[in-house]
Amino acid sequence: MTGTNLKIDPERFWQTIEASAAIGTGPQGGLRRLALGKADAEMRALFARWCEDGGYALTTDRLGNMFARRDGTESDLPPVLIGSHLDTQAAGGRYDGIVGVLAGLEVLRSLDELGVETKRPIEIVDWTNEEGARFTPPMMASSVFAGRQTLDWALARTDDDGVTVADALESQGLAGEAPVGGRSVDSYFELHIEQGPELEAAGVPVGIVTGGYVARGMRLAVTGDNAHSGPTPMHKRRNAIVGASMVAVAVNEIGWRYAHADGKATVARIEAWPNKPGILSSEASLFIDFRSPDRETTAAMEGEVRASLSDCARRSQCDVEIAEDWTFGGPDFDPGLMDLCRKTAERLGIATMDLMSQAGHDAYHLSHLCPSVLLFSPCEDGISHNEREATSLADQVPGVTLLLNAVAERANR
């Protein structure tokens, strides 16, 4: 396979992107396709139909992860996986994750059209609940597949309405019979829009991701007491909203203190109960995350976050606890696969640049299971997790072409 320049069918690939964009549309033209909801089920059905039309055997595991398999000449060998996700944020774009799954489909279609056999089987995977927009944390199902979390843990996760992952899978008929993980995988490739501005600014069509920012996520529980907002003296108030707000400001200030090292700290959501006029809330929760390019900086940020909680509890007269926490990011991707992608790009005349990923991706978890590589393609102005997320076919063709050629070579080893 070395030295052979394989080509995709750009129009065919883009037709799948446009078909996806019509399922679960948001009010501003993007997508609102939350994991295991009706729109997600509709998109999965379309993806399954495309795979079945191509003659690819489709397997779904107990978490709803979908695997479409193109056999190799030695199909007992561990497969090469190409994956990403088809679920989106509540106010998401048309390309985040979707480019990666449908690029995988285009790889298989192109190999068939070109009459190219591979020694190893190749599988496309759509990971369930990558975004974490409905069920936290993000990259949920790939973490179980890679053996970093248990199946029971994932099935018990709940959404805002108390619906568990197990219930959602059953209601949409998306749970399969296959076990989650527990099998050998040769390697994992993921193509994703950058969700940042570096590639566009540099005029480079493909990024080779060397590793990910080290990120920590937490769900904080703030407990106070219900009381009347009028007659209750200030010194007796234990307003959970106040405690949560103090934490939010503290976390934001920590982000600013570490901005010089490209550290970032975010409070993306605050919930309170009863959250009504005239009454102090007795409960609140916050979802926070903080990240940086290296473990030492993230650890220092974590130390400051933890120290701030006791001060916020004292000043608000509430209890503030870490109810749950998780870690993602930080892996160095496989040097051999990165080198394969660089050499393949050079052969194809595709410019690349090395960069780090600042967002979470399923490749992080897969890197603990098998050699893995993450590739980036440009998106306009680096806008993502926004219905205005945009890119063009011309910007995506180099990444999909590189993916095709690198996967074909890896699958023949």
Side-chain angles (χ1 to χ4, degrees), residues 1 4-25 29-31 33 39-40 42-58 66-72 79-88 93-118 121-127 189-194 205-206 341 344-345 347-350 375-380 389-411:
M1 190 62 57
T4 302
N5 295 351
L6 306 176
K7 297 184 183 300
I8 67 166
D9 182 332
E11 288 72 23
R12 179 176 59 200
F13 166 66
W14 205 244
Q15 285 169 4
T16 63
I17 296 290
E18 291 297 318
S20 164
I23 299 174
T25 54
L31 288 174
R33 199 156 68 205
D40 188 27
E42 184 180 347
M43 181 63 220
R44 286 163 172 263
L46 177 59
F47 176 63
R49 186 161 68 250
W50 284 333
C51 293
E52 290 162 358
D53 288 347
Y56 313 126
L58 192 63
M66 300 174 70
F67 298 85
R69 179 183 176 98
R70 182 184 192 261
D71 278 332
V80 175
L81 293 189
I82 309 170
S84 201
H85 59 98
L86 295 172
D87 69 311
T88 77
R94 298 177 167 197
Y95 310 100
D96 174 358
I98 296 154
V99 162
V101 176
L102 300 184
L105 178 61
E106 181 56 32
V107 166
L108 299 195
R109 286 173 162 179
S110 296
L111 292 174
D112 285 346
E113 187 174 74
L114 297 168
V116 175
E117 291 186 327
T118 60
I122 302 171
E123 296 183 14
I124 321 163
V125 54
D126 166 33
W127 299 111
F189 289 74
E190 182 166 353
L191 174 65
H192 204 283
I193 60 168
E194 182 191 353
V206 178
C341 290
T344 302
R347 188 185 82 230
L348 296 170
I350 297 172
L375 304 174
F376 278 167
S377 55
C379 61
E380 291 182 15
E389 178 183 276
T391 189
S392 68
L393 174 57
D395 279 339
Q396 298 306 311
V397 167
V400 183
T401 302
L402 173 54
L403 182 70
L404 165 64
N405 284 268
V407 165
E409 184 156 341
R410 177 72 184 194

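If you're wondering where the values come from, they're calculated on a predicted model, not measured in any experiment.
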>> Can you list everything that forms a side-chain contact (heavy atoms from CB on, under 4.5 Å) with Glu52? Sequence neighbours excluded, please.
In response: Ala48, Leu58
> Could you give the distance from OG1 (Thr16) to CH2 (Trp50), rounded to the nearest 0.5 Å?
Replying inline: 5.0 Å
>> Quick one, Met66 with Glu123, criterion side chain to side chain contact (heavy atoms under 4.5 Å, CB included). Give me CA distance, side-chain angles, the key distance, then yes/no.
In response: CA-CA 10 Å; Met66 300 174 70; Glu123 296 183 14; over 6 Å; no
>> Between Tyr56 and Asp112, is there a side-chain donor-acceptor contact under 3.5 Å, judged purely by atom types and distance?
In response: yes
>> To the closest 0.5 Å, what do you measure between OG (Ser377) and CG (Leu403)?
In response: 10.5 Å
> At their closest point, which heavy atom of His192 faces which heavy atom of Ser84, and how far apart are they?
Replying inline: CD2-OG, 3.7 Å
> How would you list all residue pairs meeting salt bridge (charged side-chain N to carboxylate O under 4.0 Å, His left out) that involve residues 102-111, not counting sequence neighbours?
Replying inline: Arg12-Glu106
>> Could you work out, with side chain to side chain donor-acceptor pair (under 3.5 Å) as the rule, every residue matching Thr344, not counting sequence neighbours?
In response: none
>> Could you report the tightest heavy-atom contact between Val206 and Pro398, atom names first, then the distance?
In response: CG2-C, 3.9 Å
> Among Thr391, Leu102, Leu393, which one satisfies side-chain contact (heavy atoms from CB on, under 4.5 Å) with Ile17?
Replying inline: Leu102
> From Leu31 CG over to Met43 CE, what is the distance, rounded to the nearest 0.5 angstrom?
Replying inline: 9.5 Å
>> Run the salt bridge (charged side-chain N to carboxylate O under 4.0 Å, His left out) test against Glu18 and tell me which residues pass, sequence neighbours left out.
In response: Arg94
> Stepwise, does the side chain to side chain contact (heavy atoms under 4.5 Å, CB included) test hold for Ile82 with Glu190?
Replying inline: CA-CA 6 Å; Ile82 309 170; Glu190 182 166 353; over 6 Å; no
> What are the two closest non-hydrogen atoms of Thr118 and Ala411, and how far apart are they?
Replying inline: CB-CB, 3.7 Å
> Where is the tightest heavy-atom contact between Ala19 and Ile23, given as atom of each residue plus distance?
Replying inline: O-CG1, 3.8 Å
> Ion pair present between Arg347 and Glu409, side-chain N to carboxylate O less than 4.0 angstrom?
Replying inline: yes
>> Give me the atom names and distance for the closest heavy-atom approach of Ala68 to Leu108.
In response: O-CD1, 4.2 Å
> With sequence neighbours left out, what residues match Phe47 under ring pair (Phe, Tyr, Trp, His ring centres under 6.0 Å)?
Replying inline: none
>> Taking side-chain contact (heavy atoms from CB on, under 4.5 Å) as the definition, give me every residue that meets it alongside Ala22, ordered by chain and number, with sequence neighbours left out.
In response: none
> Taking only residues two or more places apart in sequence, or in another chain, which ones meet Arg49 in a side-chain contact (heavy atoms from CB on, under 4.5 Å)?
Replying inline: Leu46, Asp53
>> Assess the residue pair Trp14 and Gln396 against the criterion (side chain to side chain contact (heavy atoms under 4.5 Å, CB included)); give the C-alpha distance rounded to whole Å, side-chain angles, the decisive distance to 0.1 Å, and a yes or no.
In response: CA-CA 9 Å; Trp14 205 244; Gln396 298 306 311; 4.0 Å; yes
>> Side chains of Val80 and Pro121, heavy atoms from C-beta outward: is any pair under 4.5 Å?
In response: no
> Taking the side chain as C-beta and beyond, is there a heavy-atom pair between Pro79 and Arg70 under 4.5 Å?
Replying inline: no
>> Suppose we screen for side-chain contact (heavy atoms from CB on, under 4.5 Å). Which residues come up paired with Cys341, at least two apart in sequence or across chains?
In response: Phe189, Ile208, Val373, Leu375, Ala406
>> Between Leu404 and Leu111, does the side chain to side chain contact (heavy atoms under 4.5 Å, CB included) criterion hold? Intermediate values first, please.
In response: CA-CA 8 Å; Leu404 165 64; Leu111 292 174; 3.8 Å; yes
> For Asp96, which residues count as a salt bridge (charged side-chain N to carboxylate O under 4.0 Å, His left out) partner, sequence neighbours excluded?
Replying inline: none
> Which residues satisfy the side chain to side chain donor-acceptor pair (under 3.5 Å) test with Asp126, sequence neighbours excluded?
Replying inline: none
> Can you name the residues that form a salt bridge (charged side-chain N to carboxylate O under 4.0 Å, His left out) with Asp71, not counting sequence neighbours?
Replying inline: Arg69
> Can you name the ring pair (Phe, Tyr, Trp, His ring centres under 6.0 Å) partners of Phe67, sequence neighbours left out?
Replying inline: Trp127, Phe145
>> Counting C-beta onward and ignoring hydrogens, is there a side-chain heavy-atom pair between Ile98 and Thr88 closer than 4.5 Å?
In response: yes
>> Would you compute the distance between atom CG of Leu6 and atom CD of Glu113 and round it to the nearest 0.5 angstrom?
In response: 11.5 Å
>> Between Arg33 and Ser20, is the side-chain hydrogen bond (donor to acceptor under 3.5 Å, both in side chains) condition met? List the steps.
In response: CA-CA 10 Å; Arg33 199 156 68 205; Ser20 164; 3.0 Å; yes
